[in-house]
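Reviewing the structure listed below.
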Amino acid sequence: MTPDAERTEAPSTTELSPPNRTLMGPGPSDVHPRVLRAMSTPLVGHLDPAFIDLMDEVQELLRYTFGTDNRWTIPVSGTGSAAMEAAIGNVVRPGDTVLVPTNGYFGGRMAEMARRAGGAVETVDAPWGEALDPDTVADALAEHDPDVFGFVHAETSTGVLQPEVPALTEAAHDHDALVIADTVTSLGGVELRVDEWGIDVAYAGPQKCLSCPPGASPLTLSDEAMDRVLARDEPPRSWYLDLSLLEGYWGDERSYHHTAPITNVYAIREALRLVAEEGIEARWERHERLSGALQAGVEGMGLEMNAAPAARLPSLNAVVVPDGVDDGEICDAVLERYDLEIAGGLGDLAGDVFRIGCMGYSARPENVVLTVTALGDALESAGADVDVEAGLEAVRTALR
Ligand code: PLP
């Protein structure tokens, strides 16, 4: 057969039929059926008047979910990293000093993006698995006098929630630094009050506590942060994520910049409607309750949580892997036997922890019971010293 003839032969495929998993890993989480239905509705044009109305609704629902009045609140086309790069790439100007944390994988990604934006990166340190200490942050701010301070509110790699956010933002503002918060794994699941806490810029992902497929990722900027972006001497390096250009589409003009991922905007609208119906505070409470039951279950069977109680992130629970156990084998066994996704550790914690999500539509009692059962069963089969019945009894008590 000649090469040309080969190219005309269609590849053979089968109808799409993904396995029916329960997603209790670090994201994505299970998508709510209403969001899936919204995604199967017909497309309209990205400048259709009906779509413009829908964009307004998404922006208003995002403001509610972030706890902000920021005019500059949009879903960025792309995954959480696109919203992250939009935040960092626009706010950081060449030569700016940017202070970032070293206590997790995504602080490292912040540093890398800040460097690519032309920033000079300095770090504020804490071990992986611990939160930043406000006094250490204040010292680092005094030492480096940064233009921008970035922190990760919910570190998906370590299961650590950064508490005392207002203490960090006040200290940063004392040094005239703008504050960028990574809220990818907190938005819609963990208490977050952008305006009240003095956060200047926050970005997130839809596939965690919003239980929406990845594709349109929340971003919010204060007027002060946006003023800095609009006053830049040179444009940001990315054309696609240049907020001064995106203003034309998401601002008053509503003119073409790129073709918005319409189906993903439908999806995030429905996911945010679910947040509004439940009530943001009730949603935070649900995540705390279900994560509490999960933690009771893993501790009840004899395992240890990795983070200290005050810094535990309800949406991502890091559980210490017992000695002599291979985390990858356990995750594989759980997937194979129970169609349940959990994950192993990342970066410095690779091999040391299981990462178990408790996010959005996945954060339900039946999923907690399934997770404790499946994890316990797989560990028991691998010879670990666990008491699965005691774990399940602890879950039942916590959920009563
Ligand atoms: N920041 C944090 C804390 C995350 O957990 C993730 C993804 O897991 C990201 C940023 C990047 O998001 P994405 O993978 O959607 O690009």
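Reckoned from all heavy atoms, side chains included, excluding hydrogens, waters and symmetry mates. Whatever order the structure lists ligands and atoms in, that order sets their numbers, starting from 1. Just so you know, these numbers come straight off a predicted model, no measurement behind them.
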Can [X] and [Y] be counted as an ion pair, charged N to O under 4.0 angstrom?
X	Y	value
Glu278	Arg283	yes
Glu277	Arg34	yes
Glu112	Arg109	no
Glu299	Arg312	yes
Asp223	Arg71	yes
Glu191	Arg193	yes
Glu224	Arg228	no

Ala154 contact mode with ligand 1 (heavy-atom cut-off under 4.0 Å) =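 For Ala154, the contact with ligand 1 is made by the backbone alone.
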
[atom] - nearest protein heavy atom and its distance:
atom	value
atom 8 (O) of ligand 1	Lys208 NZ, 2.6 Å
atom 11 (C) of ligand 1	Ser81 OG, 3.3 Å
atom 15 (O) of ligand 1	Gln207 NE2, 2.7 Å
atom 3 (C) of ligand 1	Thr156 OG1, 3.2 Å
atom 1 (N) of ligand 1	Asp182 OD2, 2.7 Å
atom 9 (C) of ligand 1	Phe106 CE2, 3.4 Å

Apply the side-chain contact (heavy atoms from CB on, under 4.5 Å) test between Val201 and each candidate in Leu219, Asn90, Ile88, Thr220; give the one that qualifies.
->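 The residue from Leu219, Asn90, Ile88, Thr220 that satisfies side-chain contact (heavy atoms from CB on, under 4.5 Å) with Val201 turns out to be Leu219.
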
Enumerated ligand 1 atoms positioned under 4.0 Å from heavy atoms of Gly80 |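 It comes down to these atoms of ligand 1: 12 (O), 13 (P), 15 (O), 16 (O).
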
Any atoms of ligand 1 less than 4.0 Å from a non-hydrogen atom of Thr185? List them with their elements.
->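 Those atoms are 5 (O).
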
If we only count N/O pairs under 3.5 Å, is Arg109 in contact with ligand 1?
->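 Looking only at distances, the answer is no, because the N/O contact criterion of under 3.5 Å is not met.
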
What do you reckon, does Val184 have a nitrogen or oxygen under 3.5 Å from a nitrogen or oxygen of ligand 1?
->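 It does not: no N or O of Val184 is found under 3.5 Å from an N or O of ligand 1.
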
